[in-house]
Amino acid sequence: MTPFAKKVYRAVLSIPLGQTRTYKWVARKSGSSSAYRAVGSILKKNPYPLIIPCHRVIKNNNILGEYSLGRNNKKRILELEKEISRCL
DNA sequence: CAAACTATTCAGC
DNA sequence: GCTGAATAGTTTG
């Protein structure tokens with residue numbers, strides 16, 4: 001676990017339910033606005049994919065990025081969370 | 001410590 | 001819209 005990774009986790013965990021942020025956003029919140037790829041590297045090895053909503057992190061053009069469990073699943077979870085947020 | 005790799009992003013055509 | 005280059009941190013040797 002690296003300090004940067006910790007910040008990244010914090011940033012990702014701070015994303016509201018049903019909302020999506022870009023890698024750049026996470027990187028910026030983590031302190032390095034240009035480390036968007038590093039964020040990906042960390043999330044790729046994502047030690048806790050179940051406690052960290054890495055599926056809420058997408059590219060900057062509103063395009064879905066990759067996902068440890070598959071982009072298809074990612075999209076599905078995103079839609080699901082959107083519905084859940086609607087109930088709030 | 002250095003090299004290689006990466007779930008990205010920006011600029012040029 | 002697609003291809004190529006770059007930046008910053010993680011991981012491995």
Side-chain angles (χ1 to χ4, degrees):
Chain A
M1 177 82 86
T2 64
F4 190 71
K6 228 185 239 180
K7 291 178 186 175
V8 171
Y9 297 145
R10 255 186 205 283
V12 176
L13 285 164
S14 75
I15 302 174
L17 183 70
Q19 288 287 103
T20 53
R21 297 288 119 132
T22 63
Y23 285 92
K24 203 177 181 187
W25 182 92
V26 176
R28 185 170 255 223
K29 207 162 214 287
S30 305
S32 305
S33 34
S34 316
Y36 26 73
R37 308 190 55 203
V39 175
S41 280
I42 294 165
L43 294 179
K44 186 198 168 212
K45 286 147 199 149
N46 199 357
Y48 313 110
L50 298 174
I51 68 168
I52 297 178
C54 32
H55 54 263
R56 287 183 209 161
V57 186
I58 59 176
K59 291 201 182 175
N60 79 335
N61 294 116
N62 279 5
I63 305 171
L64 274 173
E66 284 257 342
Y67 189 45
S68 306
L69 308 177
R71 315 192 255 327
N72 206 302
N73 249 341
K74 180 172 183 176
K75 196 174 178 186
R76 188 168 278 177
I77 295 168
L78 239 49
E79 295 288 309
L80 196 66
E81 294 211 331
K82 260 188 215 171
E83 296 241 343
I84 294 170
S85 67
R86 247 175 194 229
C87 293
L88 309 173

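So you know, we letter chains A, B, ... as the sequences are listed, proteins then strands, and number each from 1.
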Problem - Base versus backbone protein contacts along nucleotides 5-13 of chain C [heavy-atom cut-off under 4.0 Å; B, S, -] - result: -BBBBSS--

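Near-neighbour residues of DNA chain B inside residues 49-56 of chain A, defined by a heavy atom below 4.0 Å, number-ordered: A:Cys54.
Scanning all heavy atoms of the two residues, the minimum distance from A:Leu43 to A:Ser68 falls at O-OG, 4.0 Å.
Between the side chain of A:Arg21 and the main chain of A:Arg56, no donor-acceptor pair closer than 3.5 Å is present.
A:Tyr48 and A:Leu50 fall into different hydrophobic clusters, defined by Ile, Leu, Val, Met, Phe, Trp and Tyr side-chain heavy atoms under 4.5 Å apart, directly or through other members. Note: the hydrophobic cluster containing A:Val12 also contains A:Ile51 (ILVMFWY, side chain heavy atoms under 4.5 Å, direct or indirect links).
Between A:Lys59 atom NZ and B:dC10 atom P there is a gap of 11 Å when expressed in whole angstrom units. To the nearest angstrom, P of B:dC10 lies 11 Å from CD1 of A:Ile63. Spacing between atom NZ of A:Lys74 and atom C1' of B:dT8 amounts to 11 Å, rounded to whole angstrom units. Atom CD of A:Glu66 and atom P of B:dT6 are 11 Å apart (whole Å).
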Practice task
State the dot-bracket string of DNA chain B. Criteria: Watson-Crick or G-U wobble, both atom distances under 3.5 angstrom; notation: ( ) intrastrand, [ ] crossing earlier pairs, | interstrand, . unpaired.
Solution key: ||||||.||||||

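Side-chain contact between A:Arg71 and A:Leu64 is absent, with no heavy-atom pair separated by less than 4.5 Å.
Shown are A:Ser32, A:Ser30, A:Ser41, A:Cys54; of these, the side chain to side chain contact (heavy atoms under 4.5 Å, CB included) with A:Val8 is made only by A:Ser30.
Counting non-hydrogen atoms under 4.0 angstrom, A:Asn46 reaches a base of the nucleic acid.
Atom CD of A:Glu81 is separated from atom CD1 of A:Ile15 by 10.0 Å, given to the nearest 0.5 angstrom. To the nearest 0.5 Å, the span separating CG on A:Leu78 from NE2 on A:His55 amounts to 6.5 Å. With rounding to the nearest 0.5 angstrom, the CG atom of A:Asn62 is 6.0 Å from the OG1 atom of A:Thr20.
No hydrogens or angles were tested; on distance alone, a donor-acceptor pair under 3.5 Å links the side chain of A:Tyr23 to the base of B:dA7.
Between A:Glu79 and A:Lys82 there is a salt bridge, since a side-chain N of the basic residue sits under 4.0 Å from a carboxylate O of the acidic one.
At C:dG1, none of the side-chain N or O atoms of A:Asn61 fall inside 4.0 Å of OP1 or OP2 (strictly under the cut-off).
A cation-pi arrangement, defined by a distance under 6.0 Å to the six-membered ring centre and an angle within 45 degrees of its axis, is absent between A:Arg28 and A:Trp25.
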